Engineer: 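Got a structure for you, written out below as structure tokens; questions coming shortly.
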Amino acid sequence: MTERDYAPLSGACVRGLCDKLYDKRKFAGVEVEKMVKDFSDANNTNQIKRLLRVLGQDLMSSTNPNVKNGALMGLSSVAVGLGKGCDLYIGELIHPIIACLGESEARVRYGATEALFNVLKVARSATVTYFPLVFDALARLAADPELQVRNGAEVLDRLVKDIVTESAELELAAIVPLVRERMYTRSAASRQFAVAWVSALDAAPALGLRRHLPDLLDGLFTVLDDPNPEIRRMCDVQLNEFLRSIRKEPAEVDFQAMINILITHAQSTEELLQLTAVTWLKEFAALSGARVLPFASGVLLAALPCLAYTDEPRKKIRETAATVNLQLTKLVSEMSESRASSEDPHTKGAPEESSTEGAPAESPPTKEAPKESPPSKGAPSQEPAAEASADESPPRLNLEAVVGVLTQMLHHSSVHTKVAALDWILHLYNKLPSQMYQQTELVFVSVVGCLTDAADDVVRRALAVLAEICSCPSAGADGVDLESSPYYHKFLKALLRLLAADESLLEDRGAFIIRQLCVLVGAEAVYRGVARAVSGERELRFAARLVDVLATLLLTAAELHHLRLRLRAFDDPATVSLFRTLYASWCHSPVALLALCLLTHNYRHCAALIATFGDLEITVDFLTEIDKLVQLIESPVFAYMRLELLGGPGSAELRAALFGLLMLLPQSEAFHALRRRLHCAPPPPRADTPQHREEHADIDFPALLEEFTRVQAAHREYKTLERRLSRAKLFDRAYS
């Protein structure tokens, strides 16, 4: 060591401080402490500053680790010697010590940790001004590679926490950003350090950390996804502690500032993270009530996909998400009832103000969350809307955003998710019909697409929604006639396009769809609407197949029992009008048309129809349909008709029709069954006994028969064209 002027330190003292042995450094430190006490008693600030400059600058500039450790020992001794008077020199004490924490030598870093502990222990609250600097140093020490340094840092960390919790001068607003920043690092030690600090600050209720929870929540959820199980456990415990406090004092919680954070993390693929976020959403929905409605689209975006989970490990997530979903539906119901009860009776018929007006478009948060820097707390357009609504008016449901999420969920792979989305759409139409009418264009196409789904529950819910759409009043209307609904005929045309595009859909689901529709909107309305749509169908083969399905259902389905009874009675103008409508489309299928005429007691026309069957192309499919009709004649459906063979008005025409049907059949089982039935009937009455039923004067049966002949001629041309096209394709393949 060169001879330099280290005054007020003596050369011997400097050599002692810089010795490699700790005991000699300690002895020299005691000498420095005594010297500082004398300077302090004499109020000799110049000498104190000179001493600090020698220790903090001159000695610290050395590259020798022993010299640096000596300087650190000297600074510690200065702080102890000054006692409470060190407040005036905190900067000169702390800055050189913290600079040594970045040294490559572990013993220097440890010495700096020890020195900083001694300075802070003496100065305590006077060091609050330098807290960001100290906190940053602590965070680096927590990740130090040397165990001895980390152990020293733990002792220092406890001291700093004690100083912070007992200090009335330090604002949490200055601490929280520092803690939050450490949560987004990839260092496990830094994350653990940050969570430990959150726990320590939360343990001091007087600090009021709960008010700053919105600033910390995203970081805590980010740490909850850490691969280290111990860090995850610490974070989980702290989050549960926060949630317990929220349950106790919900009035002090800023739900709107945190809900988007929860929505984002509820879409995570990590089980613990997702379960925790969904659980928080459930508690928020229960505690905040209607204040969650402006964020409903985001909540649904997070909750509905969770309903798809079927495995046991994620069962709790599914159940919690289902609870969130139920809570939201109840909130919408309460909102609707509240509006209805507060509505002026003089303006009840006026259109309600759209729930999307005056509220910014709600953009549900996506799954991505930044890892290295603090994120935004969700879509910025949502939070101001929520705050404004809380201050000025009841919270609004952003209907357009909700509908957007629900239609998106209709394309999900899970049946449970799609069913829940359809239930939601139906719920909204029931509770907010006028507003939902404005969203129908967004809903209609997606719901129609659900009719091709393989799950019956999805198809059933989709039909219920479509039925509600067709009967939903437009804004300002008290009700709607199904026939005048613009969406009813649009829906029927869309349904026919789906059935025509997929033969298997018609065969496998066509009957199911028609039966469900009959339950939802009424059998007569369905058959009248479908018949009108079929009558203009250009795909004649499809029209015939669809009519066969409709005719079979008309004669057999329990859902159409009352419609069958009306057609059997055939005693009012509405039924006659329905018969004419059905006749025009039933012309595509001769056997179906014959069954319709049998059902309506038009036996004379049945005989006239059968007489024209000889001009038709008798195919295997045609004979099969007649075979099925004979089986129906033998079933309870036509029991009344079999009794009419005993006599009475129309029995002669009925006999003629059935004998004509018998002549069309080959000698199959159906042939013998019908022949036995006719042989069981009594002999025909005498010619002078009236056995004829008067035909309906309102129906022009000859014109109807001409229509049937025209349609069947079109079918013959259609089949001829199909055969030609088929042969042309065959020749093309042969010569290619």
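Because the structure is a prediction, the values reported are computed rather than measured. Side chains are part of it too, since the values below use all heavy atoms of this structure and drop only hydrogens, waters and symmetry mates.
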Engineer: Does the side-chain hydrogen bond (donor to acceptor under 3.5 Å, both in side chains) test come out yes or no for Arg191 and Thr222, once each step is laid out?
Structural biologist: CA-CA 10 Å; Arg191 287 182 167 189; Thr222 302; over 6 Å; no
Engineer: Determine whether Arg545 and Glu507 make a side-chain contact, defined as any pair of heavy atoms from C-beta on separated by less than 4.5 Å.
Structural biologist: yes
Engineer: With a 4.5 Å heavy-atom cut-off, do Thr323 and Glu319 have their side chains touching?
Structural biologist: no
Engineer: Just so I know, are the side chains of Leu304 and His412 near enough to count as touching, which here means a heavy-atom distance under 4.5 Å?
Structural biologist: no
Engineer: Please check: side-chain N/O of Arg509 versus main-chain N/O of Asp453, any donor-acceptor pairing under 3.5 Å?
Structural biologist: yes
Engineer: Hey, is Glu441 close enough to Lys490 for a salt bridge, meaning N to O under 4.0 Å?
Structural biologist: yes
Engineer: Check whether Tyr527 reaches the backbone of Leu563 with its side chain - one donor and one acceptor, N or O, closer than 3.5 Å.
Structural biologist: no
Engineer: Between Ser336 (side chain) and Ser333 (backbone), is there a donor-acceptor pair under 3.5 Å?
Structural biologist: no
Engineer: Would Tyr309 and Gln274 satisfy side-chain hydrogen bond (donor to acceptor under 3.5 Å, both in side chains), going step by step from the backbone distance to the final call?
Structural biologist: CA-CA 12 Å; Tyr309 297 151; Gln274 188 174 35; 2.9 Å; yes
Engineer: Are Thr279 and Leu243 packed together at the side-chain level, in the sense that at least one heavy-atom pair is separated by less than 4.5 angstrom?
Structural biologist: yes
Engineer: Just by modelled atom types, is the Ala421 backbone N or O under 3.5 Å from a matching donor or acceptor in the Arg461 side chain?
Structural biologist: no
Engineer: Under 6.0 Å from the CD atom of Glu503, do we count more than 12 heavy atoms belonging to anything else shown?
Structural biologist: no
Engineer: To check you understand the geometry: which heavy-atom pair defines the closest contact between Leu422 and Val465, and what is its length?
Structural biologist: O-CG2, 3.5 Å
Engineer: Look only at the side chain of Arg232 and the backbone of Asp226, and say whether a donor-acceptor pair between them is shorter than 3.5 Å.
Structural biologist: yes
Engineer: What distance do Gln327 atom CD and Phe284 atom CZ have between them, rounded to the nearest 0.5 Å?
Structural biologist: 12.5 Å
Engineer: Can you measure from CG (Leu495) to CD1 (Ile513) and round to the nearest 0.5 angstrom?
Structural biologist: 5.5 Å
Engineer: Measure from the side-chain N and O atoms of Thr407 to the backbone N and O of Val403, and report whether any donor-acceptor pair falls under 3.5 Å.
Structural biologist: yes
Engineer: Which pair of non-hydrogen atoms, one from Gly219 and one from Tyr184, has the smallest distance, and what is that distance?
Structural biologist: N-OH, 3.3 Å
Engineer: Please check: side-chain N/O of Ser635 versus main-chain N/O of Leu632, any donor-acceptor pairing under 3.5 Å?
Structural biologist: yes
Engineer: May I ask you to decide if the ring planes of His265 and Phe221 are parallel, tilted or perpendicular, using 30° and 60° as cut-offs?
Structural biologist: parallel
Engineer: Start with the C-alpha gap between Thr440 and Tyr429, add the side-chain angles, then the distance that decides, and say whether side-chain hydrogen bond (donor to acceptor under 3.5 Å, both in side chains) holds.
Structural biologist: CA-CA 10 Å; Thr440 299; Tyr429 270 106; 2.8 Å; yes
Engineer: Is Arg210 paired with Glu249 through a side-chain N to carboxylate O contact shorter than 4.0 Å?
Structural biologist: no
Engineer: May I ask you to test the Arg528-Ser577 pair for a side-chain heavy-atom distance under 4.5 Å?
Structural biologist: yes
Engineer: What's the separation between atom CE in Met409 and atom NE2 in His411, rounded to the nearest 0.5 Å?
Structural biologist: 10.0 Å
Engineer: Give a yes or no on whether a salt bridge exists between Glu241 and Arg244, defined as a side-chain N under 4.0 angstrom from a carboxylate O.
Structural biologist: yes
Engineer: I need the Arg566 CZ to Asp572 CG distance, nearest 0.5 Å.
Structural biologist: 5.0 Å
Engineer: Any salt bridge between Arg460 and Asp457, counting N to O under 4.0 Å?
Structural biologist: yes
Engineer: Give the minimum heavy-atom separation between Pro305 and Leu300, together with the two atoms involved.
Structural biologist: CD-O, 3.8 Å
